[in-house]
Amino acid sequence: MILPDDYFYMSRALALAQRGLYSTDPNPRVGCVLVRDGKVVGEGWHERAGEKHAEINALNIAGTRARGVTAYVTLEPCCYHGCTPPCTDALLMAGISRIVVSMSDPNPRVAGKGLEILREAGVLVECGLLEQETQALNPGFIQRMTEGRPFVRVKMAMSIDGRTALSSGESKWLTSTIARQDVQRLRARASAILTGIDTILSDDPGLNVRLPDDKRQPLRVILDTELRTPPTAKTLHLDGSVLIFTNVSDINRQAPLLAVGANIVVVPRSGIYLDLRAVMTELANRECNEIHTECGPTLAGSLLQAGLVDEIVIYIAPFILGDKARGLFQLPELTRITERMELKIIEVRAIGQDWRITLRPQ
């Protein structure tokens, strides 16, 4: 039975989980609060992959006061030995009497088993409180575990008339400094930052995270069918790893890029471009949860047509570029309005002088 106070303490656990937004990858963001006689005696969150889970951090603070507590955890406690021992064992040893869990862990190694272990040991178990909020915090982890592919977020910037660059390709800078800083936070939460070869050749982007005190650089991914990435590309000479997907298996063609530290994966074609589903399967196998994509209209359109776009974030700048400038997505011409692709607006927010719209395909 869910009690009125349970909402308050689970909300606190979710706020704690949010603190791991940029650091827990490839693990989920999890928070835990321990309450005894109406008083919080311990709390914690999973701070970094390979380190203690949220439950252990909370139990360490509570100490002997953990006996008889109600534990509020945003994700089902793990029940297997990974980098750390099972949290179910630690919770039972501490003597908790009740646990309220926001959602079951989609990881097949857990998937209800942790809750069953606690029930069989006599712990009162409740599950499903504020589940949508926990899902929103871990979309990539959940999708990778349930569908075998990452959550793909496509970020774009456009003028008020829907243009991303001049016909020449010039696009710096469409949006304000504040908006560009906001993009850095989107990059920082991702497992990987993905782009196409056309963007590499035209803009030579770094594709890295540039935030104060940021210690984790996401994997940088380039889709390059014909292996045209120059060894001098900026992104190849920054901290962190670069992964290039290509259809070129010739080791002599690969050698200059391998020499500067790039990793290369050969995948099949689908038409004239790479098989995007094969790319996503490989990224999921590499434990990538969220893919942040910054690319041109060709790749953006291909991802959309393949059904691989889970979220679109568009920054709208208050100026006009004209009808000769480039658009957002390269897609086949529609012959009937009923063929349109419908999107659901999730959020609209002012970011400095620009607007940020977050949408998801219906």
Side-chain angles (χ1 to χ4, degrees), residues 5-35 40-62 70-78 84 87 99-107 110 127-145 150-151 153 155 178 181-193 209-218 287-292 310-311 313 346-351 356 358 360:
D5 285 350
D6 292 344
Y7 289 88
F8 174 81
Y9 294 120
M10 187 60 77
S11 295
R12 173 60 182 166
L14 280 162
L16 291 167
Q18 182 79 22
R19 296 186 185 182
L21 186 65
Y22 305 124
S23 59
T24 67
D25 196 79
N27 293 349
R29 297 118 184 177
V30 182
C32 177
V33 175
L34 305 177
V35 179
V40 175
V41 297
E43 61 180 29
W45 67 96
H46 183 42
E47 298 179 20
R48 192 166 285 103
E51 297 184 3
K52 295 181 180 69
H53 289 188
E55 299 93 320
I56 306 305
N57 287 327
L59 289 170
N60 286 343
I61 292 173
T70 293
Y72 296 87
V73 190
T74 58
L75 191 68
E76 176 183 4
C78 66
T84 58
C87 289
I99 186 168
V100 181
V101 175
S102 182
M103 69 171 287
S104 177
D105 191 338
N107 185 341
V110 184
C127 185
L129 181 62
L130 302 181
E131 183 171 357
Q132 288 187 342
E133 286 78 357
T134 296
Q135 290 174 344
L137 192 58
N138 294 296
F141 177 79
I142 294 169
Q143 185 157 291
R144 178 166 66 87
M145 290 297 167
F151 182 94
R153 179 179 293 110
K155 168 263 166 184
I178 295 175
Q181 281 297 106
D182 192 63
V183 171
Q184 291 297 316
R185 287 185 283 274
L186 286 180
R187 286 184 177 188
R189 67 173 288 168
S191 309
I193 301 171
V209 176
R210 299 183 292 277
L211 290 175
D213 303 322
D214 189 81
K215 296 179 181 179
R216 185 185 70 87
Q217 286 292 338
E287 297 189 309
C288 289
N289 292 332
E290 296 181 26
I291 308 299
H292 175 88
D310 299 293
E311 186 172 275
V313 179
I346 305 299
E347 182 188 56
V348 179
R349 177 176 294 188
I351 305 291
R356 186 185 73 195
T358 302
R360 289 188 180 173

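Values in this document were obtained by computation on a predicted structure and should not be read as measured data. We number each residue from 1, following the sequence as shown.
To the nearest 0.5 angstrom, Met10 atom CE is 5.0 Å from Leu129 atom CG. For the atom pair OG1 of Thr70 and CG of Asp6, the computed distance is 7.0 Å after rounding to the nearest 0.5 Å. The line from CD of Gln181 to CG of Leu211 is 6.0 Å long, rounded to the nearest 0.5 Å. For the atom pair Gln217 CD and Arg187 CZ, the distance stands at 9.5 Å (nearest 0.5 Å). Residue Thr24 holds its OG1 atom at 10.0 Å from NE2 of His53, rounded to the nearest 0.5 Å. Atom CD of Glu133 and atom CD of Gln18 lie 12.0 Å apart (nearest 0.5 Å).
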Could you pull out every donor-acceptor pair under 3.5 Å between side chains of residues 42-50 and any protein atom, sequence neighbours left out?
from, atom 1, to, atom 2, distance (Å)
Glu43, OE1, Arg12, NE, 3.1
Glu43, OE2, Arg12, NH2, 2.6
His46, ND1, Lys52, O, 3.1
His46, NE2, Asn27, ND2, 3.1

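Contact detail for Arg29 and Asn138: the closest heavy-atom pair is N-OD1, 2.7 Å. In terms of heavy-atom proximity, Leu137 sits nearest to Pro139 at C-CD, 3.4 Å. Nearest approach of Leu34 to Ala71, heavy atoms of both residues: CD2-CB, 3.5 Å. Closest of all the heavy-atom pairs between Ala13 and Tyr72 is CB-O, 3.9 Å. Closest heavy-atom contact between Gly31 and Ala17: N-CB, 3.3 Å. Summarising the geometry of Pro106 relative to Leu75, their closest heavy-atom pair is CD-CD1, 4.2 Å, with the distance given to 0.1 Å.
Of the possible polar contacts, one joining the Arg216 side chain to the Ala188 backbone as a donor-acceptor pair under 3.5 Å is found. A distance-only check finds no donor-acceptor pair linking the side chain of Arg356 to the backbone of Ile351 [under 3.5 Å]. Checking side-chain atoms of Glu76 against main-chain N and O of Asp105 turns up a donor-acceptor pair under 3.5 Å. With hydrogens and angles disregarded, no donor-acceptor distance shorter than 3.5 Å links the side chain of Glu290 to the backbone of Phe151. Between the side chain of Glu311 and the backbone N or O of Arg153, no donor-acceptor pair lies under 3.5 Å. With hydrogens and angles disregarded, no donor-acceptor distance shorter than 3.5 Å links the side chain of Asn289 to the backbone of Ser191.
Glu131 places none of its side-chain heavy atoms less than 4.5 Å from the side chain of Thr134. Within the 4.5 Å cutoff, side-chain heavy atoms of Ile99 are placed close to those of Pro77.
In the displayed structure, Gln132 atom CD is contacted under 6.0 Å by at most 12 heavy atoms of other residues, nucleotides or ligands.
Here His292 pairs with nothing under the ring-ring contact (aromatic ring centres under 6.0 Å, His included) rule; sequence neighbours left out. Applying the side chain to side chain donor-acceptor pair (under 3.5 Å) test to Arg19 and every residue at least two apart in sequence or in another chain returns nothing.
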task: Please assess Cys32 against Asn57 for the test side chain to side chain contact (heavy atoms under 4.5 Å, CB included), listing each intermediate value before the final yes or no.
output: CA-CA 8 Å; Cys32 177; Asn57 287 327; over 6 Å; no
